[in-house]
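Some notes on the structure that comes next.
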Amino acid sequence: SSSSFETISHDGTIVLPEMSWSWSCMSQKIHGEAPSPRAGHSLVKRSDGTVVLFGGKGENNTYFNDVYILDPVKWTWTKIACSGTLPSPR
């Protein structure tokens with residue numbers, strides 16, 4: 001079957017705006033230190049509108065326990081340096 005996302009945006013980011021609930025490829029470049037491509041990650045929208053990404057599975061069965069924040073106003077990724085006992089990669 002054919003996907004409407006066969007042509008991916010600049011960096012492969014696909015968005016689902018809450019106002020339209022219609023999937024689309026990003027038309028602008030996202031800045032900052034972006035996470036590597038992955039699946040099975042967790043995303044949470046915070047009250048300030050930013051989105052937190054945790055973990056996931058990458059290429060070659062690599063599992064991550066990293067954390068990134070996406071600012072959807074500036075379209076900028078920031079990698080967060082976490083401390084303490086980290087959760088296992090998942």
Side-chain angles (χ1 to χ4, degrees):
S1 75
S2 178
S3 167
S4 60
F5 297 111
E6 288 177 7
T7 302
I8 298 296
S9 64
H10 296 290
D11 61 2
T13 302
I14 300 171
V15 295
L16 179 65
E18 291 176 302
M19 299 299 285
S20 66
W21 294 108
S22 178
W23 288 103
S24 63
C25 292
M26 285 295 300
S27 60
Q28 62 191 40
K29 183 167 176 52
I30 297 180
H31 304 282
E33 184 179 352
S36 58
R38 61 191 66 203
H41 49 279
S42 297
L43 290 173
V44 176
K45 181 180 175 188
R46 299 177 356 161
S47 61
D48 66 358
T50 59
V51 178
V52 178
L53 176 145
F54 170 75
K57 180 180 177 184
E59 296 179 328
N60 301 319
N61 291 322
T62 302
Y63 288 88
F64 302 104
N65 65 345
D66 49 3
V67 177
Y68 290 83
I69 293 182
L70 175 64
D71 179 335
V73 173
K74 298 177 183 176
W75 290 112
T76 301
W77 281 108
T78 303
K79 184 172 184 178
I80 304 302
C82 298
S83 60
T85 304
L86 301 178
S88 61
R90 54 190 84 192

Report, one line per pair, each donor and acceptor closer than 3.5 Å where one atom sits in a side chain of residues 83-90; sequence neighbours left out.
{"unit_1": "Ser88", "atom_1": "OG", "unit_2": "Arg90", "atom_2": "NH2", "d": "3.4"}
{"unit_1": "Arg90", "atom_1": "NE", "unit_2": "Ser88", "atom_2": "O", "d": "3.0"}

Side chains of Asn65 and Phe54, heavy atoms from C-beta outward: is any pair under 4.5 Å?
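Yes, their side chains come closer than 4.5 Å.
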Using side-chain heavy atoms (C-beta onward) and a distance below 4.5 Å, is Ile30 in contact with Leu70?
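Contact flag for Ile30/Leu70 side chains = yes.
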Say whether Ile69 and Trp75 are linked into one hydrophobic cluster, either directly or through other cluster members, by side-chain heavy-atom distances under 4.5 angstrom.
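Each belongs to a different hydrophobic cluster.
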Between atom OG1 of Thr50 and atom CG of Asp71, what is the distance when rounded to the nearest 0.5 Å?
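Output value for this atom pair is 7.0 Å.
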Extract all donor-acceptor atom pairs below 3.5 Å that involve side chains of residues 55-64 and protein atoms in other chains or at least two apart in sequence.
{"unit_1": "Lys57", "atom_1": "NZ", "unit_2": "Asn61", "atom_2": "OD1", "d": "2.9"}
{"unit_1": "Thr62", "atom_1": "OG1", "unit_2": "Glu59", "atom_2": "O", "d": "2.9"}

Compare every heavy atom of [Y] with every heavy atom of [X], then report the nearest pair and how far apart it is.
X     : Y     : answer
Lys74 : His31 : O-CD2, 4.3 Å
Tyr68 : Arg38 : CE1-NH2, 4.1 Å
Gly49 : Pro72 : O-CG, 3.1 Å

